[in-house]
Structures are given as structure tokens and as C-alpha cells.
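One structure is given here, and the rest of the page talks about it.
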Amino acid sequence: MENNSNKTEARKGFVEDFTERIKGIKATRWIRFGIVAALFLAWVVWMRTWWLAIFVLLLFDIYITGYINFTWWKKSKNKTLRSVMSWVDAIIYALILVAFIFPFIGQNYQIPSSSLEKTLLTGDYLWVNKTVYGPRVPMTPVNFPLVHSSLFGIKSYLDKPSLPYKRLKGLRNVEEGDIVVFNFPAGDTVATRFEESPRYYETLVKEYGRDAVKNNKAVFGDVIYRPVDRRTHFVKRAVGLPGDRLKIVDDTIYINGIAREFPENVQFNYIYATSAPISAERFHELGITLGDIMEYAPGSLSHDNLAALIPGAGANSMIYISPLTNGMIEKLTDSGSMLGKIKMSRIQKLFQGGDDRSAFFPFGNDADWNLSDYGGENGLYIPKKGDVLKLDPQAWTVYNRVIRNYEGHSDAYLDEDTGKVIIDGQPADYYKFAMDYYFMMGDNRDNSQDSRFWGFVPEDHIVGTPMVVLASFDTTRSLFDGKIRWNRILRDANPDK
């Protein structure tokens with residue numbers, strides 16, 4: 001009887017204490033709790049992971065009841081402790097906010113290379129919206145905040161626990177012409193000293209051999225595996241969608257047999273002749289990066305050989321090779337500077353040997369594909385979720401990475417004796433794709449490491465789409481000489497859509 005009486009008194013004491021705590025809460029705090037709780041529950045519904053709703057009880061205690069004394073330091077007599085803990089408290093709140101905003105709403109990214117120039121420029125800082133296609137739930141949830149894959153050469157995340165691919169509901173799917181940020185598909189295995197280099201692991205293996213790359217750590221670093229969401233970020237234009245057939249003929253992209261228009265600022269490499277030398281400042285005004293320019297003055301053998309290929313060029317004209325947009329060509333022509341031009345791709349075709357076939361996707365394909373003519377007569381099929389592929393040695397050449405690396409059948413292989421594809425230990429005549437795939441290309445067509453080199457982008461690698469240029473810095477200029485590109489701040493990051 002006495003034990004039951006104690007329990008009753010304890011329950012009565014808790015109820016009275018709970019009631020007292022609630023009565024003392026100001027209306028403004030109830031409002032704050034209501035807003036935070038509503039946002040949190042909306043996120044739970046969006047996630048479709050209902051057990052997370054239990055954390056509303058923690059929010060209720062933080063804002064209302066206060067049984068867990070998170071603010072114990074505020075009553076301390078130690079002024080230094082209160083000062084330090086106030087900073088810690090602010091940092092924790094900021095990190096919690098960032099932990100929700102960056103994975104589920106959006107994030108800033110920098111353009112590190114020229115593959116999308118002149119639509120996006122090297123040095124642009126973009127706000128990437130992750131809600132358009134639906135945010136991808138983090139696959140490596142335990143990580144150091146605000147760091148992508150490494151910090152001071154050390155992994156910034158834990159491989160375990162890891163979560164399977166899951167994408168929350170978005171506003172729409174990826175559309176043709178979208179500029180898309182994604183994780184580099186061929187970045188699953190990396191040599192750490194080359195992780196941010198265009199010479200990714202597979203190209204290093206081709207050049208030096210797998211054993212040399214693996215064993216020479218002084219040159220190549222460690223060879224490690226990166227989870228999908230920790231692979232290097234790329235930004236390209238989606239030119240082919242799931243289920244499309246893509247081919248390129250004389251630089252024009254055809255989707256399902258229909259030619260597509262060029263983006264406004266697409267550029268190609270040209271050899272061109274001018275009546276006089278072009279100054280560095282004039283190149284800057286035109287938007288041509290000095291590092292992308294090769295020049296040949298009169299009198300050299302290279303100059304004479306190139307001049308012979310360009311209509312209108314003479315013995316005293318200057319010869320340049322650089323990427324040009326139609327707008328740049330018009331300005332040079334209107335000013336009277338340009339005497340003639342020819343695309344580099346046409347010169348390469350003329351001499352049959354400009355592009356190394358082995359560099360292009362799919363590896364092992366013996367077709368005569370290159371940067372400006374790609375995909376063959378029938379076009380390259382881009383996998384669509386649910387579509388069924390008939391398997392043969394040719395299909396295996398094109399889609400083996402999809403089957404093995406992206407869809408998890410790591411033991412799949414082509415039996416050379418029978419010509420049969422073996423998947424999970426069983427001969428397979430057909431394969432059903434588990435994900436959608438995309439074909440991505442840069443607008444700087446002759447200077448872009450894109451799907452023509454390394455293949456399809458799986459849907460689980462998609463991060464988001466850039467919406468606006470937050471800031472832009474020209475790395476070739478000084479602070480007081482045009483380093484900040486004021487005219488690009490808050491500019492639409494995808495003007496062709």
C-alpha cells in the first residue's frame with residue numbers, strides 16, 4: 001500500500017510540476033515552438049519517415065518544459081564560461097540549421113573549370129536549388145559539417161552508417177537543356193592526389209596501368225572508394241534524357257532524330273586569322289580567357305601551315321586558336337579584325353587523327369566517334385528506369401558500367417567463351433534498368449570533360465540545378481582591375497531555360 005501511495009504522489013508531483021512549467025511559458029515562446037514544430041513535422045511528412053516525429057517531444061522540452069537543462073551555463077557565475085558557451089550555443093544552432101538547409105533546400109557551389117563557358121564562368125559562385133528535382137537524402141549522414149569529402153587530407157565522413165538512395169518529392173524532373181549539378185559518376189574510385197584533376201582514376205589506369213597507380217602512392221596517393229554523395233561535383237547541361245537516343249553530327253545534337261538548337265553561348269575551338277595582333281585587354285573584353293589562347297606570329301612554319309587552311313589568311317596575318325561563341329565571332333568580324341576562320345573539328349577530320357578514339361565512351365567501342373560526330377547512325381540509347389535491354393557483347397560494351405557500378409551487380413561479366421552476360425551468377429539475355437540516366441555536356445564543347453568521355457549520369461548522382469549567380473571572381477585579374485564581375489551578381493544561372 002505504501003509503495004502504491006508513493007507512486008501516486010510521484011505522478012501527482014509530476015503533473016503539478018508539468019502544469020506549473022506550462023503556465024509560466026510566455027505566448028511568444030509558444031508561437032516559436034509552434035512554428036518550429038510545424039516546420040519539423042512538414043519535413044517528416046516530406047521525408048516519409050514517420051518515426052522521426054518522436055523528436056517533436058524533444059522540441060517541446062527545449063521550448064516549453066525545460067526538463068533537459070540545455071542552458072545550464074546561463075546561470076553560471078563564471079563570466080568566461082558564459083561567454084564561451086554563448087558562442088558554442090550559437091554555433092550549434094547555426095550548424096543544425098545548415099544541416100537542414102544544405103542537404104534539403106540548397107547550397108552554394110563554385111564553378112572550377114571552363115566546361116560551361118560562356119553560360120557560366122570559371123569563378124562563378126552559384127546557389128544550387130535542391131528542391132526542384134527533389135533533395136537526395138544524405139547517404140553518409142555522419143560527416144563533418146560544411147566539408148564535402150576531406151579535411152586536411154582526412155576523410156570528412158564515416159562510411160557507416162550509410163543510407164540507401166532516396167529522393168524526396170520535387171517540383172519536376174530534369175528537363176532537356178537544364179544545367180545540372182551532379183556527383184561525378186566515374187569518381188567512385190579515386191587516386192587522392194588526382195581527385196580534383198581531369199585525369200580521373202580510369203584515365204590514369206589506361207595511361208600507367210592499374211598496379212602502378214595502386215602501388216605508387218608518392219605520385220598518385222591512396223586509391224580509395226567514394227560513396228555517391230561524396231564524389232566530386234560537376235556542373236553540365238542535360239542534353240539527353242532517359243529513353244532518348246542521342247547522336248551528334250557535325251557538332252549538332254540530334255535527339256530521337258530531331259536536331260536541337262545550340263545554347264546561346266555555346267562555343268567551339270576555332271583557328272582564325274586577324275589583320276593585326278589582338279591585345280590582352282581586347283581578348284578580355286571579348287570574354288576569351290588568355291589561358292585558352294594559342295597564337296602564331298608571321299614567319300613561323302606553324303603559322304604558314306595553319307594560314308594555308310584558313311580562307312582569307314595571308315602571310316602577314318596573325319593566327320590564333322581559341323574557343324569562340326557566335327557573339328565573339330560577330331564582334332571580331334564587325335571590327336574588321338577577323339580575316340577568316342575554320343573550326344578545329346574540321347581540321348581534325350581533314351587530317352584524320354585529331355581525337356583519340358579510346359578516350360571516348362563507351363570504352364572498347366571501335367566505332368569512329370569523336371567530339372563532333374558521336375553516337376553512330378542509330379544514336380546512343382540513354383537508359384530509362386523499367387526499360388528492358390537485350391544483352392549481347394555490343395550492349396555489354398556500352399552498359400556494363402551501368403549494370404556493375406551504378407546498379408550494384410558487381411559480379412556481372414561477359415563470358416568470352418559463350419558471348420553470354422553473367423549477372424549474379426546466372427546467364428542473362430535481358431536486363432531491366434533500375435534507375436533513370438542522363439547524358440550531360442558542357443557548352444564549351446571542345447573543352448569539356450563530359451558524358452562523351454565517361455558516359456551516363458545516374459539519377460542517384462543528381463544534386464540540383466543552379467538558380468542564380470551569387471558572386472563571380474575573375475582569377476586572371478587583380479582586385480582593382482576587374483576581379484569582381486559585378487555584372488554577373490544575381491544573374492540567372494540558366495539563361496537558356
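Any value given below was found using the heavy atoms of this structure, including those in side chains, with hydrogens, waters and symmetry copies removed. Remember, it's a predicted structure, so these values are computed and weren't measured experimentally. Nothing fancy with the numbering, it's 1 onward along the sequence.
No hydrogens or angles considered: nothing links the side chains of Q449 and S115 as a donor-acceptor pair under 3.5 Å. Side-chain atoms of D178 and Y133 include a donor-acceptor pair closer than 3.5 Å. There is a side-chain donor-acceptor pair under 3.5 Å between T119 and D443. For the residue pair T465 and K130, no side-chain donor N or O sits within less than 3.5 Å of a side-chain acceptor on the partner. Side-chain polar atoms of R488 and Y125 form no donor-acceptor pair below 3.5 angstrom. A side-chain donor from one of S472 and D124 sits under 3.5 Å from a side-chain acceptor of the other. Using modelled atom types, one finds a donor on one side chain and an acceptor on the other under 3.5 Å when comparing S372 with N370. Counting only N and O atoms by type, the side chains of N269 and N447 include a donor and acceptor under 3.5 Å apart. Inspection of the T252 and R260 side chains reveals no N or O donor paired with an N or O acceptor under 3.5 Å. Judged purely by distance below 3.5 Å, without hydrogens or angles, the side chains of T65 and D61 pair a donor atom with an acceptor atom. Using modelled atom types and a 3.5 Å distance limit, the side chains of T476 and D474 yield a donor-acceptor pair. K155 and S149 are not linked by any side-chain donor-acceptor pair at a separation below 3.5 angstrom, with hydrogens and angles left out of the test.
For the pair D450 and R445, the salt-bridge criterion is not met [side-chain N within less than 4.0 Å of a carboxylate O]. Between K385 and E459 there is no salt bridge, since no side-chain nitrogen of the basic residue lies less than 4.0 Å from a carboxylate oxygen of the acidic one. The existence of a salt bridge linking D251 and K343 is confirmed by a sub-4.0 Å separation between a basic side-chain nitrogen and an acidic carboxylate oxygen. In summary, K118 and E264 do not engage in a salt bridge, as defined by a charged side-chain N under 4.0 Å from a carboxylate O. Look at R199 and E207 and you find a salt bridge, because one of the NZ, NE, NH1 or NH2 atoms lies within 4.0 Å of a carboxylate O, short of that distance. Salt bridge absent: R404 and D411 never bring a charged side-chain N and a carboxylate O closer than 4.0 Å. For R237 and D496, the salt-bridge test passes: some basic side-chain N is under 4.0 Å from an acidic carboxylate O. Under a 4.0 Å N-O distance rule, the pair D229/R136 does not qualify as a salt bridge. Taking a cutoff of 4.0 Å between a charged side-chain nitrogen and a carboxylate oxygen, R401 and D188 qualify as a salt bridge.
A heavy-atom distance below 4.5 Å is found between the side chains of P383 and Y399. V128 is not listed as a side-chain neighbour of N108, based on a closest heavy-atom distance of 4.5 Å or more. Side-chain contact between Y109 and V463: present, with at least one pair of heavy atoms (C-beta onward) separated by less than 4.5 Å. You'll find the side chain of L52 reaches within 4.5 Å of the side chain of M47, heavy atoms only. Contact of the I224 side chain with the V190 side chain is registered, since non-hydrogen atoms from C-beta on lie closer than 4.5 Å. You'll find the side chain of F268 reaches within 4.5 Å of the side chain of F262, heavy atoms only. You'll find the side chain of S162 stays beyond 4.5 Å of the side chain of M139, heavy atoms only. At a threshold of 4.5 Å between non-hydrogen side-chain atoms, the residues V235 and I179 count as touching.
Between F102 and W127, the ring planes are perpendicular. Angles over 60° get that label, and only those under 30° would be called parallel. The aromatic rings of F104 and W43 stand perpendicular to each other, their planes meeting at an angle above 60°, with 30° marking the opposite boundary. Ring pair F40/F55 is perpendicular by interplanar angle, where above 60° counts as perpendicular and below 30° as parallel. The aromatic rings of F439 and Y374 lie tilted to each other, with the angle between the two planes from 30° to 60°.
Without hydrogens or angle criteria, Q267 side chain to E117 main chain gives a donor-acceptor distance under 3.5 Å. In terms of modelled atom types and a separation under 3.5 Å, the side chain of S451 and the main chain of G455 share a donor-acceptor contact. For R167 (side chain) and I462 (main-chain N/O), a donor-acceptor pair under 3.5 Å exists by modelled atom type. T397 places no side-chain N or O within donor-acceptor distance of the main-chain N or O of A395, the cut-off being under 3.5 Å. Judged by distance alone, the side chain of Q110 and the main-chain N or O of L126 form no donor-acceptor pair under 3.5 Å. No donor-acceptor pair closer than 3.5 Å links the side chain of D89 to the backbone N or O of W87.
For an aromatic pair to be called close, the ring centres must be under 6.0 Å apart, and F433 with Y431 satisfies this. Between F184 and F234, a ring centre-to-centre spacing shorter than 6.0 Å is recorded. Taking the six-membered ring for Trp and the full ring otherwise, the centers of F220 and Y208 sit less than 6.0 Å from each other. Here Y200 and F194 keep their ring centres 6.0 angstrom or further from each other. In this structure, the ring of Y406 has its center no less than 6.0 angstrom from the ring center of F456.
For the ring pair (Phe, Tyr, Trp, His ring centres under 6.0 Å) condition, the pairs that include at least one residue of residues 147-179, sequence neighbours left out, are H148-H233.
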query = Step by step, would you call L246 with I253 a side chain to side chain contact (heavy atoms under 4.5 Å, CB included)?
reply = CA-CA 7 Å; L246 174 144; I253 296 173; 4.1 Å; yes

- request: Kindly determine whether D244 and K384 satisfy salt bridge (charged side-chain N to carboxylate O under 4.0 Å, His left out), including the steps that lead there.
  value: CA-CA 8 Å; D244 285 345; K384 181 179 181 180; over 6 Å; no

Give the intermediate values and the outcome of salt bridge (charged side-chain N to carboxylate O under 4.0 Å, His left out) for residues K247 and E377. CA-CA 8 Å; K247 67 177 180 179; E377 182 178 353; over 6 Å; no

key: side chain to side chain contact (heavy atoms under 4.5 Å, CB included) between W46 and T49, intermediate numbers included   = CA-CA 8 Å; W46 196 20; T49 308; over 6 Å; no

Would R226 and T232 count as a side chain to side chain contact (heavy atoms under 4.5 Å, CB included) here? Give the steps. CA-CA 9 Å; R226 291 284 190 209; T232 303; over 6 Å; no

* **Test side chain to side chain contact (heavy atoms under 4.5 Å, CB included) applied to V137 and L163, step by step** => CA-CA 8 Å; V137 175; L163 300 177; 4.2 Å; yes

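The environment of CD1 in I54 is sparse: at most 12 heavy-atom neighbours from other residues, nucleotides or ligands sit within 6.0 Å. Counted within 6.0 Å of CZ on F144, heavy atoms from surrounding residues, nucleotides or ligands total 12 or fewer; the atom is thus considered open. By the 6.0 Å contact criterion, CZ on R210 is open, its count of non-hydrogen atoms from other residues, nucleotides or ligands being 12 or less. By the neighbour-count criterion of 12 heavy atoms within 6.0 Å, atom CH2 of W486 is sparsely surrounded, having that number or fewer from other residues, nucleotides or ligands.
Contact record, A191 with L204: CB-CD1, 4.0 Å, taken as the closest heavy-atom pair.
For the pair K206 and F363, the cation sits on the ring face: its NZ or CZ lies under 6.0 Å from the ring centre, inside 45° of the axis.
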